[in-house]
Amino acid sequence: MKAEPLKDFSRLCVHTITTKRWELEEAIDRYAEADVSGITVWRQWLDGRDPAGAGERIRAAGLEVVSLCRGGFYPALEEKSREEAIKDNKQAIEDAAAMGAPLVVLVCGAIIGQSLVESRKQITDGIAATLPLAESLGVKLAIEPLHPMYADDRSAINTLASANDVCDELSHPLVGIAFDVYHLWWDPDLAAQTKRTAEANRLFAYHACDWMTPTTDLLNDRGLMGEGCIDLRAIRGMVEGAGFDGMIEVEVFSNRWWEKPTEEFLQAIKQSYLNHT
Ligand code: ZN
């Protein structure tokens, strides 16, 4: 069943990379002025900043810290590199805890020259190695399945089923899934796998944007909701029907939009949130 239109911005969260020309402080102020309710902070936005201070500033502006984006990239040919990845993920978990972010989003990684099966094993082992720390700090970890066009070097986890399989293997209440419509909209098993995700209490996050035709850049040509072919109301109806009532996170990487003034982009995000999401 299709979801009803959203009537206010109480569930609108924006990723700092969406408004990438704004530094963290400017993003916080502008989001708050615009009635945006939540912020997902990408790690680059913490460079040179104290995560605890950033979290305080976000909350003081009346915004909710929704997640820290992103950890992951576990697979590597060399063991030393895999250990470094685990160390980096531990840092992300510590930063999230200091900032007061309940969740770290994981782009799990893949490596040319290594099978996807082996990469999935390394992803599972990598997440497992960070779980004691996540547990001690109470930080959730969300595997974000990526569209198969990224299976070469960004993620060996490309469907909701595959993400659920890794979650089943780890079987831990802090390990769940970030559901991004851009990566999952095409999947014929989406309804069944969404149900499986929700029933296991692991639907941790929901990311929205749109799929452009033709897509001119594999990374940075996402559409604003309503510009592309994704049936956003049907997918939101699916996740909400399964019990999800969390933030709707606008995550749009777009060279086209990034050329325009960021304030104009933010206003367009709000309109497309109400009209198409
Ligand atoms: Zn996403």
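One-based numbering along the sequence shown. Each ligand, and each atom within it, is numbered from 1 in the order the structure gives.
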- Should D165 and R196 be marked as a salt bridge (Lys or Arg N to Asp or Glu O under 4.0 Å) after you check the CA-CA gap, both sets of side-chain angles, and the distance that decides it? CA-CA 10 Å; D165 289 347; R196 175 181 171 194; 2.7 Å; yes
- the Zn ion (ligand 1) to H15: any N/O/S contact under 2.8 Å? no
- Message: For N/O/S atoms only: which one belongs to D180 and is nearest the Zn ion (ligand 1)?
- Response: OD2
- Report the name of the N/O/S atom of H207 located nearest to the Zn ion (ligand 1). ND1
- Same cluster (ILVMFWY, side-chain, under 4.5 Å), L103 and I93: no
- Could you grab the angle centred on the Zn ion (ligand 1), going from OE2 in E144 to OE1 in E251, to 10°? 150°
- Query: Taking atom types as modelled, is there a side-chain donor on D187 or T159 under 3.5 Å from an acceptor on the other?
  - Reply: no
- Task: Mind running side-chain hydrogen bond (donor to acceptor under 3.5 Å, both in side chains) on Q267 and Q271 for me, showing each step along the way?
- Result: CA-CA 6 Å; Q267 293 309 318; Q271 278 313 309; over 6 Å; no
- Does E249 put an N, O or S atom under 2.8 Å from the Zn ion (ligand 1)? no
- Nearest-0.5 Å distance, CD1 of residue I157 to CD1 of residue I123: 4.0 Å
